[in-house]
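Since the structure comes first, as structure tokens, the remarks are kept for the end.
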Amino acid sequence: MIQTKALRFSYPNGPALAFPDVDVPQGSLLLLSGPSGCGKSTWLALVAALMAPSSGALTVAQQVLSTLKNVAADAWRARVIGFLPQKLHLSTALTVQQNLMMAQWASGQPEDPRRIAAALQALGVHELADRKPGQLSGGQAQRVALARAVLMQPRIILADEPTASLDDEAAADAVHLLLHSASLHRATLVIATHDARVAGLIPRNPEGKTGFQSLRLQRS
Ligand code: ADP
Ligand code: MG
């Protein structure tokens with residue numbers, strides 16, 4: 001589902017990053033770990049076709065990413081990738097409901113309030129649909145962002161530091177919700193984190209997961 005080969009990325013005026021090869025089967029879980037600054041968020045951005053690698057090859061959901069160009073990449077991403085960014089990027093001017101509607105539009109699908117209601121319901125935040133993000137607790141906002149990420153039933157869910165700034169209980173909850181959402185949608189799940197607690201929160205046989213692997217990046 002995600003295959004990388006000799007993947008490298010250099011930021012202009014920044015570090016040159018080299019990534020170990022991975023082959024992540026469909027429906028499985030990848031834990032991408034390593035210290036802050038080792039390149040986890042960069043790796044996610046490459047897999048989501050938000051940036052192009054400096055060299056190397058990347059095949060994601062049968063798509064060779066180097067053949068995707070801008071507009072096509074946006075449409076592909078909206079269809080295939082559910083992204084849970086570290087900063088949730090919920091639009092503060094819009095209600096929860098409207099934030100999810102934006103995701104529906106972005107994927108080129110017609111408005112479907114029932115789908116939005118179901119996604120919010122599945123994450124236990126249905127009653128918050130008319131609130132604005134500023135009226136949510138951190139945990140609630142993250143559930144909303146996760147509902148948005150899985151709304152279009154993406155084949156791949158990418159979560160960037162999903163437990164950052166959460167206490168132990170909320171962190172366990174976040175990991176559980178990710179695993180549960182991914183298994184509901186039979187999605188491949190990548191959790192990128194420098195949080196040492198996360199590995200211990202992943203059950204030995206994650207629910208509905210066809211496999212589990214861990215990739216630890218080093219600082220270059
Ligand atoms: P992680 O998510 O593991 O903390 P990142 O992928 O965010 O790591 O960053 C990897 C390295 O690239 C770090 O050294 C970081 O400072 C650097 N970096 C990230 N974004 C940029 C950028 N836009 N310009 C220059 N350097 C960057
Ligand atoms: Mg990061």
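Predicted, not measured: the structure shown is a model, and the values here were computed from it. Whatever order the structure lists them in is the order used to number ligands and atoms, beginning at 1. Note: hydrogens, waters and symmetry copies are ignored here, and every other heavy atom, side chains too, is used.
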Worksheet item: Taking atom CD of Glu127 as the centre, does the number of heavy atoms from other residues, nucleotides or ligands within less than 6.0 Å exceed 12?
Response: yes

Discussion item. Which heavy atom of Leu158 sits nearest to which heavy atom of Ala48, and what is that distance?
Written reply: CD1-CB, 3.9 Å

Practice prompt. Would you check if Leu32 and Thr193 make a side-chain contact, meaning some heavy-atom pair closer than 4.5 Å?
Written response: no

Discussion item. For Arg8, I'd like to know if atom CZ has over 12 heavy atoms of other residues, nucleotides or ligands within 6.0 Å.
Written reply: no

Worksheet item: Counting only protein atoms, how many N/O/S atoms are less than 2.8 Å away from the Mg ion (ligand 2)?
Response: 1

Fill in: Side chains of Glu161 and Ser165, donor plus acceptor under 3.5 Å
no

Worksheet item: Within a reach of under 6.0 Å around CE of Met102, are more than 12 heavy atoms found that belong to other residues, nucleotides or ligands?
Response: no

Worksheet item: If only atom types and distance count, is the side chain of Asn99 paired as donor or acceptor with the main-chain N or O of Ser91 below 3.5 Å?
Response: yes

Response to the item:
Protein neighbours of ligand 1 with a heavy atom under 4.0 Å, given by chain and number, are Tyr11, Pro15, Leu17, Pro35, Ser36, Gly37, Cys38, Gly39, Lys40, Ser41, Thr42

Item to complete: Verify the distance criterion only: is there a donor paired with an acceptor across the side chains of Asp130 and Thr95 at less than 3.5 Å?
Response: no

Worksheet item: Hey, quick one: are Leu178 and Leu166 part of the same hydrophobic cluster, counting side-chain heavy atoms closer than 4.5 Å, chains of contacts allowed?
Response: no

